[in-house]
A.B. asks: 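The structure that follows is given in the form of structure tokens.
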Amino acid sequence: TEAEQLTPVLLDGLREENLQFISKLKDSSGSCAVDVSSVWWGAAGYRELCVVTACESSVSLWKPQAPDHWEKVYTWQLGEIPVIQIIPVPDTCNLVCIALGNLEIGEIRLLLYSSENDSFKQSLVKSGNIKAVLGLRDGKLISSSRAMQEQQVEIVSLSETGRCKDRQTLMPPEETVLAFAEVEGVRDALVGTTAVNSVVVWNLKTGQLLKKMHIGYSYPASICHRAYSDSGLLFVVLSHPHAKESELCGNPAFRVIAFNPKTARSTGVMFSSLPPGHTGRYLEGEVKDAWAAAVLTSGAIAVWDLLLGCCTALLPPGSDSRWTLVRWSAAGAGLLAGRADGSVCVYRYA
Amino acid sequence: CSDSDLGPISLDWFEELSSEAPP
């Protein structure tokens with residue numbers, strides 16, 4: 001039954017479910033979702049956490065309606081370029097940022113509501129051969145792009161009216177930057193992972209490229225999801241879509257590596273693999289605080305506690321539809337899980 | 001992880017690297 005398909009399986013050693021099904025939203029158009037996210041939306045001092053779903057040609061905003069019901073309040077229609085992803089931007093309200101393109105990102109657009117003329121609208125933030133983009137604190141957006149042989153790493157400050165208030169460039173490394181993560185604990189530090197498996201560190205304020213540190217060849221194409229500084233070390237949470245299976249740690253979906261930024265030496269701290277008896281490689285995922293979630297090739301979703309170093313929840317694939325997307329909510333312990341049939345389920349993780 | 005594996009650790013690594021890196 002559908003209820004069974006939406007219920008996490010109990011893992012050995014866990015006495016109760018820590019992923020609770022809350023509600024489900026389904027687009028009547030039957031479009032296949034390419035991404036899902038949450039966004040703060042409101043007016044006159046009141047705001048609520050809404051869900052945003054994207055399919056290739058449109059992006060929809062869903063508001064919560066009691067009890068456990070979602071209402072689609074607006075759909076932005078996009079042009080001929082397909083939507084690839086929704087880019088969450090912290091510290092913003094009434095603003096949805098999306099990336100459009102074919103094999104790689106060609107445009108970044110803002111979708112918003114304009115109270116000036118009481119209408120929903122969209123505006124272009126950036127176009128080009130964009131390799132990576134991330135929403136930063138204080139309504140900023142960082143991206144890496146290539147023009148000819150030159151790489152540009154640029155920060156754009158967004159206004160709630162959809163304007164780009166300010167643009168700042170950071171010193172680019174030689175290799176293409178494929179992912180970014182802000183460093184918790186050091187306000188102006190930012191890290192990136194590159195196409196040749198290095199972690200680079202910037203000073204956001206000055207734009208300086210501070211350090212380049214190699215991750216190693218065992219885990220190619222590593223992507224950084226989170227970084228934090230503690231006790232003089234830089235801890236980076238990485239995913240490894242192309243990691244080789246080993247007897248020691250199986251197929252690790254995420255790894256935590258500690259770098260000494262002064263010497264560029266590193267050591268593995270923790271890896272997150274599936275519990276025995278479950279198979280599947282990492283397809284895509286997201287990290288929030290100490291929680292990591294991933295969609296696996298088996299069509300299941302797994303959740304790990306990075307502090308405990310173990311898998312804490314598993315959503316099995318349904319018999320008729322697989323899980324395809326997993327995102328953490330912008331607030332609280334919400335988990336958004338998307339299925340191949342276009343439906344999105346909201347869970348609470350505790 | 002010990003100091004010997006990772007080399008000498010500095011709590012002020014960000015400020016130190018910022019002062020050493022080219023502007």
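Every chain is numbered from 1, with letters handed out A, B, ... down the list of sequences.
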A.B. asks: Which one, B/D12, B/L17, B/L11, leads in non-hydrogen pairs under 4.5 Å with chain A?
C.D. replies: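 Of B/D12, B/L17, B/L11, B/L17 has the most heavy-atom pairs under 4.5 Å with chain A.
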
A.B. asks: When heavy-atom pairs shorter than 4.5 Å are enumerated against chain A, which of B/S10, B/A21, B/P23, B/S18 gives the highest number?
C.D. replies: B/S18

A.B. asks: Which word best sums up how the rings of A/W328 and A/W291 line up, parallel for under 30°, tilted for 30 to 60°, or perpendicular for over 60°?
C.D. replies: tilted

A.B. asks: A/W304 and A/S273: side-chain donor and acceptor closer than 3.5 Å?
C.D. replies: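 Looking only at side-chain atoms, A/S273 and A/W304 do not form any donor-acceptor pair under 3.5 Å.
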
A.B. asks: Measure distances from A/L234 to the heavy atoms of chain B and classify the residue's part below 4.5 Å as side chain, backbone, both or neither.
C.D. replies: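 Side chain only.
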
A.B. asks: Does a salt bridge link B/E20 with A/K262, judged by any charged N lying under 4.0 Å from a carboxylate O?
C.D. replies: yes

A.B. asks: Does the A/S272 side chain pair with the main chain of A/F254, one donor and one acceptor, at a distance under 3.5 Å?
C.D. replies: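 Pair found, side chain donor or acceptor close to backbone of A/F254.
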
A.B. asks: Between A/G268, A/P261, A/G207, who has the most heavy-atom pairs with chain B when the cutoff is under 4.5 Å?
C.D. replies: A/P261

A.B. asks: Does A/D138 have any salt bridge (charged side-chain N to carboxylate O under 4.0 Å, His left out) partners at least two apart in sequence or in another chain, and if so, which?
C.D. replies: A/R187

A.B. asks: Given a strict heavy-atom distance threshold of 4.5 Å, which part of A/D230 is in contact with chain B: side chain, backbone, both, or neither?
C.D. replies: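 When you check distances to chain B, no heavy atom of A/D230 falls under 4.5 Å.
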
